[in-house]
There are 2 protein chains.
Amino acid sequence: MTVSSNGVPLARLFAIAYRMMIAGLHERLAERGWTGVRVSYGFVLLAARDGGIRGTDIAALLGVSKQAASKLVDGMRDAGYLAREPDPDDERAKRVVLTDRGHALLTAVEQIYAELESDWAALLDEGAVEAMRADLTNVLEHAHDGRLPTITPP
Amino acid sequence: MTVSSNGVPLARLFAIAYRMMIAGLHERLAERGWTGVRVSYGFVLLAARDGGIRGTDIAALLGVSKQAASKLVDGMRDAGYLAREPDPDDERAKRVVLTDRGHALLTAVEQIYAELESDWAALLDEGAVEAMRADLTNVLEHAHDGRLPTITPP
DNA sequence: CACAGAAGTCAACCTGGTTGACCAACTTGA
DNA sequence: TCAAGTTGGTCAACCAGGTTGACTTCTGTG
């Protein structure tokens, strides 16, 4: 795709970049013994990290049905990353919380992200990664009423 | 995800950005009467634009099996965007080429991408979009032996 | 208090992938 | 030259991760 004189469309570049980073993440996770980890796990772990999250909130944030979210939580619970607890505020509901194993996985993910970004920084000019982050954050927050959506894997 | 002191991980930002741009693309396509368009269509149309492409090459580029690629081509043919022709160089093979309707869709996609990027440019400093494009291109080319992969939706 | 709506689960279904199998055509090395 | 291995595409069966529908229990509101 060559668009006017502006080069490769940003959407393509984001797609490739995202896919490349995710591939790098999962490769390095596997090297550290974390296997069978799906892309959405990281996003769910992040959202549930502080005090847990409800199934319906996971569904909303991932943009899927509550049934799909429930299945995903089932899988993560079976893998030992999450546990379900009663929600103290509502007898219908459950909160999904991180297990120790879930915390450990999330820590590994964060470390690897830092490594990957260091790799990028080594290839670009001083401060370019931070500038990119700021610009992306700026546009995305503008598009979402001032706040990044919490969790959105493509 | 808060990574060290470096803010939101780039991978998340790319995911959100990509998803947002694709959503914008498909929303604007629908406004122009293009409905039922899947994300991968644009990538296939681009790859097939100049002289067509083989089914196995689509499979390779999309990172899917040849059967999956064949199904995708079936769908796009049925929707009127592609046609299959014999490959003059190999009796086993077929080339997938764009129909007029396929060319028109690709043109619409490119126009919308340009619009979306103008929206971004309006929110950022002078030249920031081009700097981001250059930086992304730089890193991604470095990671792929000097050439961007042709086609990779997540 | 009645009722509409919400949270989660069960069940059936669907879509876009997968693998396996197959046949015709092509390529390669002896 | 030719046999064997490989390749391109299609058919078929299967699967994972979604979907929708239905249901029960609980909550909030008028």
Side-chain angles (χ1 to χ4, degrees), chain A residues 15 18-19 22-23 26 35-45 47-48 51-79 81-97 150-154, chain B residues 15 18-19 22-23 26 35-45 47-48 51-79 81-97 150-154:
Chain A
Y18 170 72
R19 194 164 179 165
I22 290 295
H26 285 268
T35 57
V37 179
R38 284 179 55 199
V39 173
S40 47
Y41 284 11
F43 293 92
V44 174
L45 291 171
I53 183 172
R54 284 195 188 169
T56 45
D57 290 334
I58 295 177
L61 292 172
L62 284 172
V64 299
S65 65
K66 52 183 183 176
Q67 292 88 345
S70 187
K71 280 186 180 179
L72 176 61
V73 170
D74 282 346
M76 292 179 76
R77 181 206 53 204
D78 293 344
Y81 302 126
L82 299 179
R84 284 188 172 98
E85 298 179 350
D87 188 313
D89 298 330
D90 187 331
E91 286 196 35
R92 299 169 299 184
K94 295 183 184 170
R95 299 199 77 78
V96 175
V97 297
T150 306
I151 182 170
T152 317
Chain B
Y18 171 72
R19 194 165 177 160
I22 290 295
H26 285 269
T35 56
V37 179
R38 286 178 56 198
V39 174
S40 48
Y41 284 11
F43 294 91
V44 174
L45 291 171
I53 183 171
R54 284 197 187 166
T56 44
D57 289 334
I58 294 177
L61 292 171
L62 284 171
V64 298
S65 64
K66 54 184 182 175
Q67 293 90 341
S70 186
K71 281 186 180 177
L72 175 61
V73 170
D74 282 347
M76 292 179 76
R77 181 206 53 206
D78 293 345
Y81 302 126
L82 299 178
R84 283 186 173 100
E85 298 179 349
D87 188 314
D89 299 328
D90 187 332
E91 286 196 37
R92 299 169 302 186
K94 296 181 183 168
R95 299 199 77 79
V96 174
V97 296
T150 306
I151 182 171
T152 318

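Numbered from 1 within each chain, the chains take letters A, B, ... in sequence-line order. Just so we're clear, the structure is a prediction, and the values are computed from it rather than from any experiment.
Closest approach of B:A69 to B:G55, counting heavy atoms only: CB-O, 3.8 Å.
Residue-level contact check: B:T56 touches the backbone only, with heavy atoms under 4.0 Å from sugar-phosphate atoms and none from bases. Within the nucleic acid shown, A:D90 comes within 4.0 Å of sugar-phosphate atoms alone, with no base atom in reach, counting heavy atoms only. Residue A:A68 is in base contact, counting any heavy-atom pair closer than 4.0 Å across all strands shown.
A distance of 11.0 Å separates CG of A:L82 from CD of A:E85, quoted to the nearest 0.5 Å. In this structure, the separation between CZ on B:R54 and CZ on B:R84 is 14.0 Å, given to the nearest 0.5 Å.
Side-chain N or O atoms of B:R95 include one that pairs as donor or acceptor with a backbone N or O of B:G51 at under 3.5 Å.
A salt bridge does not link B:D87 with B:K94: every distance from a Lys NZ or Arg NE/NH1/NH2 to an Asp or Glu carboxylate oxygen is 4.0 Å or more.
For the pair A:D74 CG and C:dG8 C1', the interatomic distance rounds to 11 Å; values are reported in whole Å. Between A:K94 atom NZ and C:dA6 atom C1' there is a gap of 15 Å when expressed in whole angstrom units. The nearest whole Å value for the distance from the CZ atom in B:R38 to the C1' atom in C:dC14 is 13 Å. Rounding to whole angstrom units, CG of residue A:D57 and C1' of C:dG8 are separated by 13 Å. When the P atom of C:dG8 is taken as reference, atom CD of A:E91 falls 13 Å away, rounded to whole Å.
A 4.0 Å heavy-atom criterion places the boundary nucleotides of DNA chain D facing chain A at D:dG17 to D:dT27, written 5' to 3'.
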Next item on the list: Evaluate the criterion salt bridge (Lys or Arg N to Asp or Glu O under 4.0 Å) for residue pair B:K71 and B:D74; output intermediate values, then yes/no.
Entry: CA-CA 5 Å; B:K71 281 186 180 177; B:D74 282 347; over 6 Å; no
Note to self: Apply side chain to side chain contact (heavy atoms under 4.5 Å, CB included) to residues A:V96 and A:Y81 and explain how you reach the verdict.
What the structure shows: CA-CA 10 Å; A:V96 175; A:Y81 302 126; over 6 Å; no
Next item on the list: Start with the C-alpha distance between B:V44 and B:I58, add both sets of side-chain angles, then the distance that settles side chain to side chain contact (heavy atoms under 4.5 Å, CB included), and finish with yes or no.
Entry: CA-CA 7 Å; B:V44 174; B:I58 294 177; 4.0 Å; yes
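At the phosphate of C:dG17, neither OP1 nor OP2 sits under 4.0 Å from any side-chain N or O atom of B:S65.
Nearer to the 5' terminus of DNA chain C, by closest-nucleotide assignment, is the contact made by A:G55 (compared with the other of B:D89 and A:G55). The 5' end of DNA chain D is approached more closely, in terms of each residue's nearest nucleotide, by B:K66 than by the other of A:Q67 and B:K66.
Applying the side chain to side chain contact (heavy atoms under 4.5 Å, CB included) test to B:R38 and every residue at least two apart in sequence or in another chain returns B:S40, B:Y41, B:L72.
No hydrogens or angles were tested; on distance alone, a donor-acceptor pair under 3.5 Å links the side chain of B:R92 to the base of C:dA25.
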Notebook entry, point to check: So what does the secondary structure string of DNA chain C come out as, 5' to 3', with Watson-Crick or wobble pairs under 3.5 angstrom, [ ] for crossing and | for pairs with another strand?
Noted result: ||||||||||||||||||||||||||||||
